[in-house]
Amino acid sequence: MTSTRRLPVTTAAEALLATLKARGIDHLLANPGTDFAPIIEGFARAPSAGLPVPTPVAITHEAAAIAMAHGHWLASGRPLALMVHVNVGLANTLMGVINAARDNVPLLLLSGRTPIGEGRDRLGARDLPIHWGQEMRDQGGMLRELVKWDYELRQPEQVPDLVDRALAIATSPPMGPVYLALPREVLCEPLDGLELREAPLQRAAAPTVPSPASLDEAARLIAAAERPLVITSRAGAFADGFAALTALAERFALPVVEFWPSRISLPASHPMHAGFDPGPALAEADLVLVVDALVPWVPRRHELARGCRVVQLGPDPLFAATPVRGFPCDLALAGEVATSLRLLAEALEDRLPARVAAERRERLAARHAKARAERLAAAEAGGGPPMSPAFVSRTLARALPEDAILVSELGCDPSVMGFAAPGSYFGHPSSGGLGWGVPAALGIKLARPDRTVVATVGDGSYLFANPPACHQAAEALDLPILTVVMNNGVWNAVDKTTRLVYPDGSAARANEMPLTSLRPAPDYAMIARASHGHGERVERPEDLPDAIARALEVVREERRQALLDVVVAA
Ligand SMILES: Cc1ncc(C[n+]2csc(CCOP(=O)(O)OP(=O)(O)O)c2C)c(N)n1
């Protein structure tokens with residue numbers, strides 16, 4: 001018999017809050033509106049009713065809230081729930097949904113839906129002009145392409161089963177966001193207690209693994225290759241993927257390129273780390289193993305050697321949600337990354353003679369060490385002024401404590417830093433919806449209050465992040481993070497891509513390229529100080545180490561947020 005627990009709920013809204021809490025969701029990030037009346041009433045009644053509910057966390061902009069939920073998942077592997085105000089709040093989360101979808105981040109997005117009824121008879125029915133203005137024919141339509149599942153709550157009794165189903169689908173591989181719309185009248189509907197199952201109604205699908213035959217085929221291809229190459233942007237979502245890829249690379253002497261990494265996949269100083277540019281190794285590889293990378297290389301810039309075979313591995317190795325993605329695939333291994341890599345290692349065990357691996361290991365280790373030393377030396381030489389982003393990254397890497405978790409959004413350059421542990425570095429999702437970095441770091445700090453969390457962001461990315469909303473959240477929620485703004489005064493990526501398309505064009509020759517300048521820049525340090533944080537501007541390389549040390553001390557000792565506005569070269 002299913003064991004249940006009776007919860008003293010009186011409305012559908014309370015059933016929702018109680019179910020979320022029972023399913024391990026400790027915080028409900030929210031940006032409320034008129035649709036929240038029964039939710040707010042439920043939160044207020046819960047303590048006296050002895051009803052366990054998540055901690056309500058008000059965030060003053062939805063884009064910040066959803067990126068926080070994103071970061072929370074990255075750092076903890078626990079999905080968060082987020083509730084926003086009807087169609088307008090939902091619209092403000094949309095870019096975050098794109099980022100979460102592309103980064104395979106499971107989160108439960110809830111929003112109100114304007115009341116349906118126009119009459120006087122039902123609690124929760126329309127009572128303000130906006131309730132007509134916020135009506136939509138299909139509110140979920142604006143994000144349906146991006147979520148794995150969506151639905152509009154019809155009956156209060158549905159609440160527990162829908163929450164269980166939504167979470168099971170979100171966390172089934174390939175993971176991603178799900179959405180539930182909540183009309184106000186339904187949230188207001190009465191319930192006389194709730195018999196909640198102790199265990200969720202549905203569980204996430206168990207991770208799949210590739211078939212033994214396909215693993216065998218992949219092992220045969222890798223063993224037969226003279227110049228195999230692994231390219232990844234993330235070895236799965238968790239630490240076990242990092243461990244499995246590191247072990248595979250080490251045992252079989254497989255060079256690994258991290259291209260546009262969204263997570264670190266093996267230690268930066270590992271002898272098999274082949275850097276961050278797939279170009280040179282790709283030009284000579286005869287076998288490429290793509291590990292969970294939407295974009296393993298850029299065909300316009302990188303050349304795949306003739307006759308090179310390509311194996312793609314990951315929960316969704318063909319990235320079915322991406323209509324145009326033409327990377328060759330001779331063999332697709334669909335499976336959870338860590339287990340699939342471990343099974344691949346087993347399949348390779350008797351196929352690759354130890355002597356072959358040893359020779360390759362020695363040759364590659366020397367090549368990689370030389371390339372890394374050259375990268376580091378170039379970074380060290382970038383003191384300017386203005387400093388290069390690589391120089392700032394290097395200086396920061398030297399100062400970071402071992403427990404640090406760093407987020408980068410057009411900020412630091414991981415290729416010169418030296419991350420060694422899984423979960424110590426997160427780059428922006430491949431969708432690149434800017435304004436993600438600072439709030440993602442806040443979400444990481446929420447999940448891991450014990451860790452030193454640093455967001456390094458371009459000045460443009462910082463401005464996209466609704467900075468006052470982020471600094472307010474940092475202060476209100478006691479989330480002291482360090483933000484490093486790489487201030488080059490320009491949307492450099494836009495400038496560079498214009499030059500890439502028109503290298504000899506008028507824009508490339510202009511004194512100031514149209515639509516790229518961020519001048520006059522605001523005083524970024526002052527924005528952090530407005531929320532009682534520590535803020536400093538750094539222009540000279542000799543001032544940087546002490547400024548970083550001061551900021552880290554403020555963050556750790558005073559538990560206050562800090563911001564460094566670091567002037568860098570474009
Ligand atoms: C929401 C959003 N708007 C616009 C863009 C286009 N875009 C890509 S990079 C970039 C410039 C970012 O500037 P900054 O963070 O200062 O980094 P930099 O390019 O200077 O390195 C812009 C505007 C985007 N990716 N996301």
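Just so you know, ligand 1 is whichever comes first in the structure, and atom 1 is the first atom listed for that ligand. Numbers here simply count residues along the sequence, with the first being 1.
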Judged by modelled atom types alone, do [X] and [Y] share a side-chain donor-acceptor pair under 3.5 Å?
{"X": "Tyr462", "Y": "Thr483", "value": "no"}
{"X": "His532", "Y": "Glu475", "value": "yes"}
{"X": "Glu62", "Y": "His85", "value": "no"}
{"X": "Tyr179", "Y": "Gln139", "value": "yes"}
{"X": "Asn99", "Y": "Ser431", "value": "yes"}

Quiz item: If you count the non-hydrogen atoms of other residues, nucleotides and ligands that lie under 6.0 Å from CE in Met526, is the total more than 12?
Solution: no
Exercise. Start with the C-alpha distance between Arg372 and Glu374, add both sets of side-chain angles, then the distance that settles salt bridge (charged side-chain N to carboxylate O under 4.0 Å, His left out), and finish with yes or no.
Key: CA-CA 5 Å; Arg372 181 165 164 77; Glu374 283 167 7; over 6 Å; no
Only heavy atoms of [X], strictly under 4.0 Å: list the atoms of ligand 1 that pass.
{"X": "Gly458", "answer": "14 (P), 15 (O), 16 (O)"}
{"X": "Ser461", "answer": "14 (P), 15 (O)"}
{"X": "Val494", "answer": "10 (C), 22 (C), 23 (C)"}
{"X": "Val490", "answer": "16 (O), 20 (O)"}

Students should be able to answer this: which protein heavy-atom is nearest to [atom], and at what distance?
{"atom": "atom 9 (S) of ligand 1", "result": "Ala493 CB, 3.4 Å"}
{"atom": "atom 25 (N) of ligand 1", "result": "Gly432 O, 2.8 Å"}
{"atom": "atom 10 (C) of ligand 1", "result": "Leu434 CD1, 3.5 Å"}

Is there at least one pair of N or O atoms, one from [X] and one from ligand 1, spaced under 3.5 Å apart?
{"X": "Asn492", "result": "yes"}
{"X": "Gly460", "result": "yes"}
{"X": "Leu518", "result": "no"}

Quiz item: Looking at Tyr425, Phe242, Phe276, which hits ring-ring contact (aromatic ring centres under 6.0 Å, His included) with Phe419?
Solution: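 When Tyr425, Phe242, Phe276 are each tested with Phe419, the ring-ring contact (aromatic ring centres under 6.0 Å, His included) holds only for Tyr425.
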[X], portion touching ligand 1 at heavy-atom distance under 4.0 Å:
{"X": "Asp495", "answer": "neither"}
{"X": "Asn488", "answer": "side chain"}
{"X": "Met95", "answer": "side chain"}

Quiz item: For the atom pair CG (Asp103) and CZ (Arg234), what is the distance rounded to the nearest 0.5 Å?
Solution: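 Reported to 0.5 Å precision, the distance equals 6.0 Å.
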Quiz item: Looking at atom 6 (C) of ligand 1, would you say a protein heavy atom lies below 4.0 Å from it?
Solution: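 So atom 6 (C) of ligand 1 lacks protein heavy-atom neighbours under 4.0 Å.
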Exercise. Nearest heavy atom to atom 13 (O) of ligand 1 wins, so pick from Trp491, Phe464, Tyr462, Trp436.
Key: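 Of the listed residues, Trp491 has the closest heavy atom.
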Quiz item: With a 4.5 Å limit on heavy-atom distance, are the side chains of Ser424 and Leu406 in contact?
Solution: no
